[in-house]
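Quick note on labels: first sequence line is chain A, next is B, and so on, each numbered from 1.
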2 protein chains.
Amino acid sequence: MPEKILVIDDDEATVQLLSILLERHGYEVIKAYRADEGLRKAYRSQPNLVLLDVMMPDMDGWEVCRRLRELSDVPIIFLSARGEVRDVVKGLEMGADDYIIKPYDNDELVARVRAHLRRSPGPTVSEELVFDGGQFRINFLNREVRVKSRLVHLTPKEFSLLGVLVRNAGRVITRAELVREAWGPEYADAIDSLKLYIHYLRQKIETNPQRPEYILTSRGVGYRFAGH
Amino acid sequence: MPEKILVIDDDEATVQLLSILLERHGYEVIKAYRADEGLRKAYRSQPNLVLLDVMMPDMDGWEVCRRLRELSDVPIIFLSARGEVRDVVKGLEMGADDYIIKPYDNDELVARVRAHLRRSPGPTVSEELVFDGGQFRINFLNREVRVKSRLVHLTPKEFSLLGVLVRNAGRVITRAELVREAWGPEYADAIDSLKLYIHYLRQKIETNPQRPEYILTSRGVGYRFAGH
DNA sequence: CAGGTTTGAAACAATTCCTGACAAAAGTGC
DNA sequence: GCACTTTTGTCAGGAATTGTTTCAAACCTG
């Protein structure tokens, strides 16, 4: 079966051109014209690679990239008309694998797609969409968290932070790393906020926030999610 | 242990600049000024990534890339002043992972290096993460220490010091070295505190702190952790 | 503009760290 | 073995750091 490439871009013409190009090279193309549609299709069709536009009306590409990374390790290539170095760096730091500036050359694009697919371990895409720690469940696709089967409402930042902790369950993550993962590389100084959000999360998911059983402090280093 | 990057380029100035840049970001740089030298050093030092110039007097970069690929799957990034699409495509088709055109931006180069290193498997960390000495177990991932299966709480400094001792189990480490490793190079005068912390640790992990069985004194030199 | 969300600053609480003094033990020469 | 010196171990309390909580202002977003 051919390798599947998901193209997410609000510009229909671009999607069309990319489809033709990629299909000519033997790939199967899945098309999405909006960010949320892209995420849903990523989940459903398990693509081997994602081509992602940076600017879209409903949600920017950065956010899509972040959420995709929560779901899987699929290779992500940004496509953007904005070619400033800071954007490229931002995209790569955010977990993307490459950043191609429009207008791109068809051959180069295909070559880069191929290079990344070559590395990619195969259709081992989305692994655990749900973390189940007995009393505690988190579903990364619909962003639901349940404690003792009670649904807990989390804000975006709260969910993002909790996600980083859960995906690294069992190991201590430094504050700096947590901030980098949950806020993005450009918020190195958000450590104050981090403490707050740890507090919020504990209020929401811990039975007794004073004696946390999930989100544990590692003094002088960071936090870790108990590996049940 | 820092990740190793092999830089192969016949232009000494370029190599020098790259070294400074990469070392500032915490990488260890191995330098090679000729193609054959580069291949030899790749073989000997097992780099985690290779930065490769396309044009060199003795053998061109393409050939180096091909031969490297015969030896290993190490990520390869081409660096070249020739930015024509056909060269980029050729490089990527040849097995390289990325192609950066000179003059490059420092931040972008580092970001791309990071992106590729993130993908690469990493030098089998798993065994190093837990030390199991029968009655004594230390888990560097979640920073837990257990003696006779009892969980022992350690402060950051205590853990750091114990970590150095355990990682060098069986070997005597000088006081100066211990301080340097556990406190950092700038605290050369913390030798006074060292004996304090040795004391704390013994109180916490030894059955009989007066007759230590784990943390042993080597009079006039330093301490060592019993190797079991 | 009203709601929830995010941020910064600061008070408060707890722990971790260091200082200096002294006690104990190990090595040394007689 | 006995004094002496050197090195290592122990102790206590206060300084410094780190973590938690509260409060209020800024910020979106619909």
Side-chain angles (χ1 to χ4, degrees), chain A residues 35-36 56-60 62-63 66 143 145 151-165 172-176 178-179 181-184 186-206 208-224, chain B residues 143 145 152-163 165 172-176 178-179 182-184 186-206 208-225:
Chain A
D36 58 346
M56 278 177 292
D58 57 329
M59 184 195 300
D60 69 22
W62 313 123
E63 186 59 25
R66 215 188 322 260
R143 311 190 123 224
V145 175
L151 184 63
V152 183
H153 169 77
L154 296 187
T155 72
K157 277 269 140 66
E158 286 168 357
F159 185 88
S160 168
L161 176 57
L162 183 60
V164 178
L165 286 165
V172 175
I173 317 163
T174 64
R175 289 158 183 282
L178 275 171
V179 169
E181 294 282 325
W183 268 258
E186 62 272 26
Y187 290 88
D189 53 340
I191 286 192
D192 273 339
S193 303
L194 172 64
K195 300 177 187 173
L196 251 214
Y197 276 88
I198 292 289
H199 181 229
Y200 292 157
L201 282 176
R202 296 217 254 231
Q203 294 294 327
K204 290 185 178 181
I205 70 172
E206 299 283 2
N208 177 357
Q210 266 75 35
R211 317 207 128 272
E213 40 179 337
Y214 294 119
I215 301 174
L216 274 20
T217 304
S218 187
R219 203 156 230 271
V221 189
Y223 300 90
R224 76 170 219 264
Chain B
R143 301 173 66 94
V145 175
V152 183
H153 172 78
L154 297 186
T155 72
K157 280 268 142 69
E158 287 166 358
F159 186 88
S160 165
L161 177 57
L162 183 59
L165 286 164
V172 176
I173 318 162
T174 65
R175 288 160 180 283
L178 274 171
V179 169
W183 268 256
E186 62 271 28
Y187 290 87
D189 53 339
I191 284 199
D192 277 340
S193 304
L194 176 61
K195 56 182 181 181
L196 235 209
Y197 278 86
I198 293 288
H199 177 229
Y200 291 154
L201 281 176
R202 296 217 255 233
Q203 293 294 325
K204 290 184 178 180
I205 71 173
E206 298 284 2
N208 178 356
Q210 268 74 36
R211 312 222 137 268
E213 41 179 337
Y214 293 119
I215 301 174
L216 276 19
T217 304
S218 185
R219 203 149 232 274
V221 191
Y223 300 90
R224 74 168 220 270
F225 193 87

Q) Quick one: bend of the helix from C:dC1-D:dG30 to C:dC30-D:dG1 from 5 pairs per end, to 10°? A) 40°
Q) Hey, is the main chain of A:Y214 close enough, under 3.5 Å, to the side chain of A:E206 for a donor-acceptor pair? A) yes
Q: Kindly indicate, with the supporting measurements, whether the criterion side-chain contact (heavy atoms from CB on, under 4.5 Å) is fulfilled by A:L178 and A:Y223.
A: CA-CA 9 Å; A:L178 275 171; A:Y223 300 90; 3.9 Å; yes
So, does [X] get its side chain near the phosphate of [N], meaning an N or O under 4.0 Å from OP1 or OP2?
{"X": "A:R202", "N": "D:dT21", "result": "no"}
{"X": "A:H199", "N": "D:dT21", "result": "yes"}
{"X": "A:Q210", "N": "D:dT20", "result": "no"}
{"X": "A:R219", "N": "C:dT16", "result": "yes"}
{"X": "A:R175", "N": "D:dG19", "result": "yes"}

Between [atom2] of [N] and [atom1] of [X], the distance in whole Å:
{"X": "B:I198", "N": "C:dC17", "atom1": "CD1", "atom2": "P", "answer": "14 Å"}
{"X": "B:L201", "N": "C:dC17", "atom1": "CG", "atom2": "P", "answer": "11 Å"}
{"X": "A:L216", "N": "D:dG19", "atom1": "CG", "atom2": "P", "answer": "14 Å"}
{"X": "A:R211", "N": "D:dT20", "atom1": "CZ", "atom2": "P", "answer": "13 Å"}
{"X": "B:L194", "N": "D:dT10", "atom1": "CG", "atom2": "P", "answer": "13 Å"}

(Q) Applying ring pair (Phe, Tyr, Trp, His ring centres under 6.0 Å), can you list everything that pairs with A:Y197, at least two apart in sequence or on another chain? (A)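 Counting only residues at least two positions away or on another chain, A:Y197 forms a ring pair (Phe, Tyr, Trp, His ring centres under 6.0 Å) with A:W183, A:Y200.
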(Q) One character per nucleotide, please: for nucleotides 3-12 of chain C, 5' to 3', B when the base has a protein heavy atom closer than 4.0 Å, S when only the sugar-phosphate does, - otherwise. (A) --SBBB----
